[in-house]
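These numbers were taken from a predicted model, which means no experiment stands behind them.
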Amino acid sequence: MLLLQKIKELSSEYFKEIVSIRQHLHAHPELSFCEYETSEFVAYRLSEFGIPFQSGIAGTGIVAIIEGQGTKVMGQKTKTVALRADMDALPVTEKNKISFKSKNEGVMHA
């Protein structure tokens, strides 16, 4: 199977679930260093997906590692992809009229 075809299939398979996760996070924003519920939610989902992680980094941070099947040279993978995502929200009142609008008054993912 071609890689592009596999990506399209997996994207289609997981689309609704990923949208649901995004909407949940958008509806429950937390300010910097106060992302306790967000961190618990992310840890729970990573556990569900079987992805190893370490939580409690700088308080509420999480580091997860997804191992690929890349070539190894002298025991080390030859390529690494690093992704970084912020979980904190801003002290802004959301004025959108959407089903997943912030439930935390004065805080939103803007």
Cut-off 3.5 Å, no hydrogens considered: what does the side-chain donor-acceptor table look like for residues 8-19, sequence neighbours left out?
{"from": "Glu9", "atom 1": "OE2", "to": "Gln5", "atom 2": "NE2", "distance (Å)": "3.3"}
{"from": "Ser11", "atom 1": "OG", "to": "Ile7", "atom 2": "O", "distance (Å)": "2.8"}
{"from": "Glu17", "atom 1": "OE2", "to": "Arg45", "atom 2": "NH2", "distance (Å)": "2.4"}

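Under the 4.5 Å side-chain criterion, counting only non-hydrogen atoms from C-beta, Leu25 is not in contact with Phe100. Within the 4.5 Å cutoff, the side chain of Ile98 has heavy atoms near those of the Lys101 side chain. Between Thr60 and Thr38 there is no side-chain heavy-atom pair separated by less than 4.5 Å. Between Glu35 and Val42 the shortest side-chain heavy-atom distance does not fall below 4.5 Å. At least one side-chain heavy atom of Tyr44 sits under 4.5 Å from a side-chain heavy atom of Glu48. Under the 4.5 Å side-chain criterion, counting only non-hydrogen atoms from C-beta, Glu105 is in contact with Thr93.
In Gln54, the CD atom is not crowded: 12 or fewer heavy atoms of neighbouring residues, nucleotides or ligands sit closer than 6.0 Å. The environment of Phe33 atom CZ is sparse: at most 12 non-hydrogen atoms of other residues, nucleotides or ligands sit within 6.0 angstrom.
Heavy-atom minimum distance, Ala64 versus Leu46: CB-CD1, 4.0 Å. Residues Ala89 and Val107 approach most closely at CB-CG1, 3.6 Å, considering heavy atoms.
The cluster map of Ile, Leu, Val, Met, Phe, Trp and Tyr, joined by side-chain heavy atoms under 4.5 Å apart, puts Ile66 and Met87 in the same cluster. One hydrophobic cluster, built from ILVMFWY side chains closer than 4.5 Å, cannot hold both Leu31 and Val92; they sit in different ones.
For Arg22, there are no salt bridge (charged side-chain N to carboxylate O under 4.0 Å, His left out) partners at least two apart in sequence or on another chain.
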